[in-house]
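Step one of this worksheet: look at the structure below.
As the structure lists them, so they are numbered: ligands from 1, and atoms in each ligand from 1. For this chain, numbers begin at 1 and follow the sequence in order.
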Amino acid sequence: MIRPVIAGNWKMNKTVAEAVDFAVRLRTAYSTPPDREVIIAPPFTALQAVADTIRGSFILLAAQNLHEEEKGAYTGEISGKMLREAGCNCVIIGHSERRTLFTESDDRINRKLRAALTAGLRPIFCIGESLRQREEGETEAVIEHQLKEGLNNLTANDIESCVVAYEPVWAIGTGKTASPEQAEKVHRFIREWIVRRYGPKNGAELAILYGGSVTPKNIAELMAQPDINGALVGGASLDVDSFIQLVGC
Ligand code: PEP
């Protein structure tokens, strides 16, 4: 049985004070931990303060990016080791904004995945097709390519530590959600690919999250699909009451 995962990607939002306030409110909203994994991904500047706030609680901390090298002359970058030191458990890798706005290639994403695993971070590996690719019937080919390249040289053991997030690019921040059936079809495709590549155990145990305009209104029907094990949420994760509703779906 896969434990559902609800992850909030705050992107470039929230000051340290706002992030800590959110974390305090999230932590104190529960007298017993929810029956799912709850992950928040603040900007780098707020990681340490949020880590201090959630220490000992059920909340897990993710970074939104990392550099693939452990240290060196990479001005402006942050390594997996530094993220671990700041209290992170997870890291988002391959988000479509990184792929498009920051031209991250599949090869680079693969190196980042390996760096995250080496640092002891759980990668949340994002994949998804653009609107043009979907309209031209290329969705499965794109997903397969991103899986094959992104997971290159990763072992079954590595996959056990990964979460995959299917995020159709046309649904991110647009208010257009994939229908539960559209999302389920791709999730099923991803799981079957993992089964073919890594075997039934890895396939059955992999948490595959859906992302793309998820809100408290539409999360339940998405999560009702057999291969949707949670959600990676952008906009609707910024308000703590909305995020609590998502966690409680
Ligand atoms: C995201 O950025 O990962 C995302 C899914 O954003 P939104 O929920 O705002 O579409």
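With Leu83 as reference, Leu66 is the one residue of Leu66, Asn89, Leu61 to meet the side chain to side chain contact (heavy atoms under 4.5 Å, CB included) rule.
Considering only heavy atoms from C-beta on, Asn229 stays 4.5 Å or farther from Leu206 through its side chain. The closest side-chain heavy-atom distance from Cys162 to Phe125 is not below 4.5 Å.
Evaluation of the ring-ring contact (aromatic ring centres under 6.0 Å, His included) test over residues 75-105, restricted to residues two or more places apart or in two chains, returns none.
Ligand 1 lies under 4.0 Å from heavy atoms of Asn9, Lys11, His95, Glu167, Ala171, Ile172, Gly173, Gly211, Gly212, Ser213, Leu232, Val233, Gly234, Gly235.
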Ser130 vs Gln133, side chain to side chain donor-acceptor pair (under 3.5 Å): CA-CA, chis, key distance, verdict: CA-CA 5 Å; Ser130 67; Gln133 290 164 333; 3.2 Å; yes

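Linking ILVMFWY side-chain heavy atoms closer than 4.5 Å, directly or via other members, places Val164 and Tyr210 in a single hydrophobic cluster.
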